[in-house]
2 protein chains.
Amino acid sequence: MAEDVFKALADPTRRRILDELAERNGQTLFEICARLATKHGLGLSRQAISQHLAVLESAGLVRSRRQGRYKFHDLDTAPLEHIVTRWLSTDTPESTP
Amino acid sequence: MAEDVFKALADPTRRRILDELAERNGQTLFEICARLATKHGLGLSRQAISQHLAVLESAGLVRSRRQGRYKFHDLDTAPLEHIVTRWLSTDTPESTP
DNA sequence: ACCATAGGCAAGTGGAGACTTGCCTGACAA
DNA sequence: TTGTCAGGCAAGTCTCCACTTGCCTATGGT
C-alpha cells in the first residue's frame with residue numbers, strides 16, 4: 001500500500017536506515033544500531049530501531065530473513081518507483097521558464 | 001529541502017490536495033475546499049486546508065500567486081523528482097541469490 | 001547443563017502535528 | 001460607506017507516534 005510507504009518515509013531515522021541498507025544489504029538489527037550510532041551519532045535504543053524496521057517492513061521497503069538466531073534485513077526499492085509518478089505523470093508542460 | 005518534502009507528503013490530505021492541483025492547476029483555497037468536500041467527502045474546515053497549503057508551499061511543492069483578493073495555487077513537481085533516486089540510484093548489484 | 005547473545009513483547013511517557021474555533025484584515029460591489 | 005467575500009492570525013484541543021524501560025523467548029557456544 002502506497003499509504004504506508006509515505007508514512008514510512010516520513011521519519012528521518014527510517015530514511016537513515018534505508019541509507020544504511022542501501023550501502024550494505026543484509027544487516028542485522030545490532031549492526032544497524034551500531035552503524036547509526038557511529039556514523040550518524042544517533043543514540044537510539046535497540047527497540048527504537050526494531051520498531052522502525054517493523055514499519056519499514058510492513059511498508060514493503062525492507063525484507064527480513066531469519067537464519068538461526070540472526071535476522072538479516074534487505075532493502076527493497078520496488079515500492080519507491082511508482083510512488084512519485086502519481087504526480088509526475090501528470091507531466092510538467094513547460095511551466096518552468 | 002528534501003526533509004520538508006517527505007514531511008509534506010506524509011499526510012493523506014496533503015497528497016489529495018496535490019492530486020487536485022495536478023488535475024486543475026491554479027485553484028483558490030475555497031475551490032480546493034469545495035472539491036475535497038464533494039469529490040472525496042472530506043469535511044475539513046477552511047483553516048485546515050490553508051495550513052496544509054502552507055506546509056506544501058514551504059516544501060516547495062506548491063507555488064502561490066496573489067491576485068486581488070484571490071490567491072491561486074500552482075503545483076510544482078520539481079522537488080519530487082530527486083527524492084526517491086537517493087535509494088534507487090544506489091542500485092541492487094546482484095545481491096539477491 | 002549453563003550462560004551469553006540476538007531478538008521480541010508489551011505498557012508507559014512525551015512531544016509533534018492535524019484540526020477546530022474565534023476574531024481580524026484586505027479587496028470588490030452595491 | 002457599508003456589506004460581503006477571500007484569506008490570515010492566532011490561540012486551544014486532541015490524537016498519533018517516536019522512544020524508553022523492563023521482562024521474556026530462543027539460538028549457539030563451551
Side-chain angles (χ1 to χ4, degrees), chain A residues 1 3-21 24-38 40-59 61-74, chain B residues 1-21 24-38 40-74:
Chain A
M1 192 75 51
E3 188 80 9
D4 306 311
V5 179
F6 285 113
K7 259 180 41 183
L9 292 177
D11 189 85
T13 303
R14 282 196 284 268
R15 295 197 294 271
R16 281 285 159 78
I17 293 177
L18 293 183
D19 290 337
E20 275 309 313
L21 289 179
R24 180 205 275 211
N25 225 359
Q27 295 190 61
T28 69
L29 173 58
F30 274 46
E31 284 178 296
I32 298 175
C33 280
R35 292 179 66 134
L36 285 181
T38 62
H40 304 284
L42 293 180
L44 293 175
S45 74
R46 175 180 54 88
Q47 293 306 326
I49 311 294
S50 179
Q51 289 166 11
H52 281 309
L53 282 172
V55 173
L56 289 170
E57 192 164 2
S58 71
L61 290 167
V62 163
R63 301 268 179 78
S64 65
R65 45 191 166 93
R66 191 111 204 203
Q67 197 168 343
R69 62 172 162 179
Y70 299 101
K71 188 179 179 186
F72 302 104
H73 301 271
D74 299 283
Chain B
M1 192 77 51
E3 190 79 9
D4 307 310
V5 180
F6 285 112
K7 261 179 40 183
L9 293 176
D11 190 84
T13 304
R14 282 197 284 269
R15 295 197 294 271
R16 281 285 159 78
I17 294 177
L18 293 183
D19 291 336
E20 274 310 312
L21 290 179
R24 180 205 275 213
N25 226 359
Q27 294 189 61
T28 69
L29 173 59
F30 275 46
E31 284 178 296
I32 299 174
C33 281
R35 293 180 66 136
L36 286 180
T38 60
H40 305 283
L42 293 181
L44 292 175
S45 74
R46 175 180 54 86
Q47 293 304 327
I49 311 294
S50 179
Q51 290 166 11
H52 281 309
L53 283 171
V55 174
L56 289 171
E57 192 165 1
S58 70
L61 289 166
V62 164
R63 301 268 179 79
S64 66
R65 45 192 165 93
R66 190 114 205 197
Q67 197 167 344
R69 60 172 163 177
Y70 300 100
K71 187 179 179 185
F72 302 104
H73 301 272
D74 298 285

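Chain letters run A, B, ... following the sequence lines, proteins first, then strands; residues in each count from 1.
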Undergrad: Which residues satisfy the side chain to side chain contact (heavy atoms under 4.5 Å, CB included) test with B:S64, sequence neighbours excluded?
TA: B:E57, B:K71, B:H73
Undergrad: If I take atom CD in residue B:E57 and atom C1' in nucleotide D:dG7, what distance separates them, rounded to the nearest angstrom?
TA: 13 Å
Undergrad: Apply side-chain hydrogen bond (donor to acceptor under 3.5 Å, both in side chains) to A:E31 and list each qualifying residue two or more places apart in sequence or on a separate chain.
TA: A:T28
Undergrad: Run the side-chain contact (heavy atoms from CB on, under 4.5 Å) check on A:L21 and A:L61 step by step: do they pass?
TA: CA-CA 10 Å; A:L21 289 179; A:L61 290 167; over 6 Å; no
Undergrad: Return the value, rounded to whole Å, for the distance between atom CZ of B:F30 and atom P of D:dT4.
TA: 15 Å
Undergrad: Not counting sequence neighbours, list each pair that qualifies as a salt bridge (Lys or Arg N to Asp or Glu O under 4.0 Å) and has a residue in residues 4-18 of chain B.
TA: A:E3-B:R15
Undergrad: Can you give me the first and the last nucleotide of DNA chain C (5' to 3') that has an atom within less than 4.0 angstrom of a non-hydrogen atom in chain B?
TA: C:dG17 to C:dC28
Undergrad: Using a 4.0 Å heavy-atom cut-off to protein, can you give one letter per nucleotide of nucleotides 25-30 of chain D, 5' to 3': B if the base is in contact, S if only the sugar-phosphate is, - if neither?
TA: --BS--
Undergrad: Is it the case that the side chain of B:T38 and the backbone of B:A34 share a donor-acceptor pair, with hydrogens and angles ignored and the cut-off at 3.5 Å?
TA: yes
Undergrad: Nearest 0.5 Å, please: how far is NE2 in B:H52 from OG1 in B:T13?
TA: 4.5 Å
Undergrad: Kindly compute the distance separating OG (A:S50) from CG (A:L44), expressed to the nearest 0.5 Å.
TA: 12.5 Å
Undergrad: Within this structure, what is the CD-to-C1' distance between B:E31 and D:dG7, rounded to whole angstrom?
TA: 14 Å
Undergrad: Can you name the atoms? Protein N/O to nucleotides 13-20 of chain D N/O, anything below 3.5 Å, with the distance.
TA:
residue: D:dA18; atom: OP1; partner: A:R14; partner atom: NH2; Å: 2.8
residue: D:dA18; atom: OP2; partner: A:R14; partner atom: NH1; Å: 3.4
residue: D:dC19; atom: OP2; partner: A:H52; partner atom: NE2; Å: 2.3
residue: D:dT20; atom: OP2; partner: A:S45; partner atom: N; Å: 2.8
residue: D:dT20; atom: OP2; partner: A:S45; partner atom: OG; Å: 2.7
residue: D:dT20; atom: O4; partner: A:Q51; partner atom: NE2; Å: 3.0

Undergrad: For the CD atom of A:Q27 and the SG atom of A:C33, what is their distance to the nearest 0.5 Å?
TA: 10.5 Å
Undergrad: Counting neighbours of CZ on B:R35 that are heavy atoms of other residues, nucleotides or ligands and sit closer than 6.0 Å, is the number greater than 12?
TA: yes
Undergrad: How many angstroms lie between atom CG of A:L53 and atom CD1 of A:I17, to the nearest 0.5 angstrom?
TA: 5.0 Å
